[in-house]
Each structure stands twice: as structure tokens, then as C-alpha cells.
Amino acid sequence: MSFEYWYATSPEGRVVKYGYKELSDGVAAISATVEGRSLMILQKSLRAPLTRAQVEALFEEKSTIRDLTDERLTDERLTDERQQSSASCGN
């Protein structure tokens with residue numbers, strides 16, 4: 001099965017390209033792309049394939065779509081993650 005892609009408009013009015021593919025029993029790859037920025041997640045422990053509405057809700061409930069389009073938030077989050085990673089490695 002290939003990736004299934006579709007487009008939807010976010011509550012903020014942005015066009016979002018969603019993707020969904022079942023990889024194996026209970027595991028799916030799910031993606032969202034907004035304004036050239038993409039995020040892919042692996043969803044585990046699925047009892048049944050997700051519907052388009054469930055995929056869209058997964059990204060919307062975590063404000064992922066808004067965060068993907070806010071360059072300042074994305075840059076700050078990457079900086080924070082790098083600092084946390086360095087601290088945990090003893091650097």
C-alpha cells in the first residue's frame with residue numbers, strides 16, 4: 001500500500017497536505033506538510049486504520065500545524081532540544 005495523500009484547510013486557513021500509510025499490524029506512518037515544512041510520526045498500537053478525520057485531529061490537537069508554520073517557535077524548539085541533548089550527553 002502506498003502513501004495516501006490529501007489536502008485540508010487548517011482552522012488558521014492554511015492548506016495542509018496529510019499523508020497516511022499502514023506499515024505493519026498496528027503501526028502507521030502519518031505526515032503533515034504546511035508551507036514547505038513537514039513532520040512525520042509513527043503511530044503505534046492502532047487497533048484499526050485511522051480515518052482522515054482522525055489523522056487531521058491528531059495534528060490539530062497538538063497544535064502541530066500552527067507550530068510548523070511559526071518559524072520562530074520551530075527555531076526556539078530546535079535550540080532547546082539541542083541544549084537538552086548536550087546536557088544529557090555531558091557536554
Side-chain angles (χ1 to χ4, degrees):
M1 176 182 177
S2 62
F3 253 92
E4 176 186 356
Y5 292 104
W6 69 96
Y7 293 87
T9 304
S10 73
E12 293 84 21
R14 294 181 173 90
V15 176
V16 183
K17 179 181 178 183
Y18 292 99
Y20 178 83
K21 180 179 181 178
E22 292 179 54
L23 301 175
S24 63
D25 289 341
V27 180
I30 305 167
S31 66
T33 303
V34 181
E35 297 176 3
R37 294 175 182 239
S38 298
L39 176 67
M40 179 175 280
I41 60 173
L42 294 177
Q43 186 71 37
K44 298 180 183 179
S45 304
L46 296 175
R47 295 181 186 193
L50 297 177
T51 65
R52 288 181 174 194
Q54 289 171 318
V55 169
E56 293 171 21
L58 180 67
F59 286 102
E60 289 173 11
E61 73 185 24
K62 297 181 180 185
S63 300
T64 305
I65 300 303
R66 185 181 65 236
D67 290 350
L68 277 174
T69 59
D70 189 337
E71 195 168 312
R72 182 182 48 81
L73 286 176
T74 304
D75 291 343
E76 287 175 3
R77 184 173 290 150
L78 286 173
T79 301
D80 290 344
E81 289 173 1
R82 287 183 190 132
Q83 289 173 350
Q84 290 172 358
S85 178
S86 294
S88 66
C89 291
N91 293 336

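Since we're looking at a predicted model, the values are computed, not measured.
In this structure, Arg14 and Glu35 have side chains that are in contact, with non-hydrogen atoms separated by less than 4.5 Å. Using a 4.5 Å cut-off on side-chain heavy atoms (C-beta onward), Met40 and Ile30 make no contact.
The cluster map of Ile, Leu, Val, Met, Phe, Trp and Tyr, joined by side-chain heavy atoms under 4.5 Å apart, puts Leu50 and Leu23 in different clusters. In the hydrophobic clustering of ILVMFWY residues, with side-chain heavy atoms under 4.5 Å counting as a link, Leu58 and Val27 come out apart. In the hydrophobic clustering of ILVMFWY residues, with side-chain heavy atoms under 4.5 Å counting as a link, Ile41 and Val16 come out together. Taken together through direct or relayed side-chain contacts under 4.5 Å among Ile, Leu, Val, Met, Phe, Trp and Tyr, Phe59 and Leu46 form part of one hydrophobic cluster.
Minimum heavy-atom separation, Ala28 to Tyr20: CB-CE1, 3.6 Å. The two atoms that bring Tyr5 and Lys17 nearest to each other are CD2-CE, 3.4 Å, heavy atoms only. Residues Ala8 and Tyr18 share a closest heavy-atom pair of CB-CE1, 3.8 Å.
Atoms CZ and CG, from Arg47 and Asp25 in turn, are 14.5 Å apart once rounded to the nearest 0.5 Å. Expressed to the nearest 0.5 Å, how far CD of Glu22 lies from CD of Glu4 amounts to 9.5 Å.
For Thr51, the side-chain hydrogen bond (donor to acceptor under 3.5 Å, both in side chains) test picks out Gln54, with sequence neighbours left out.
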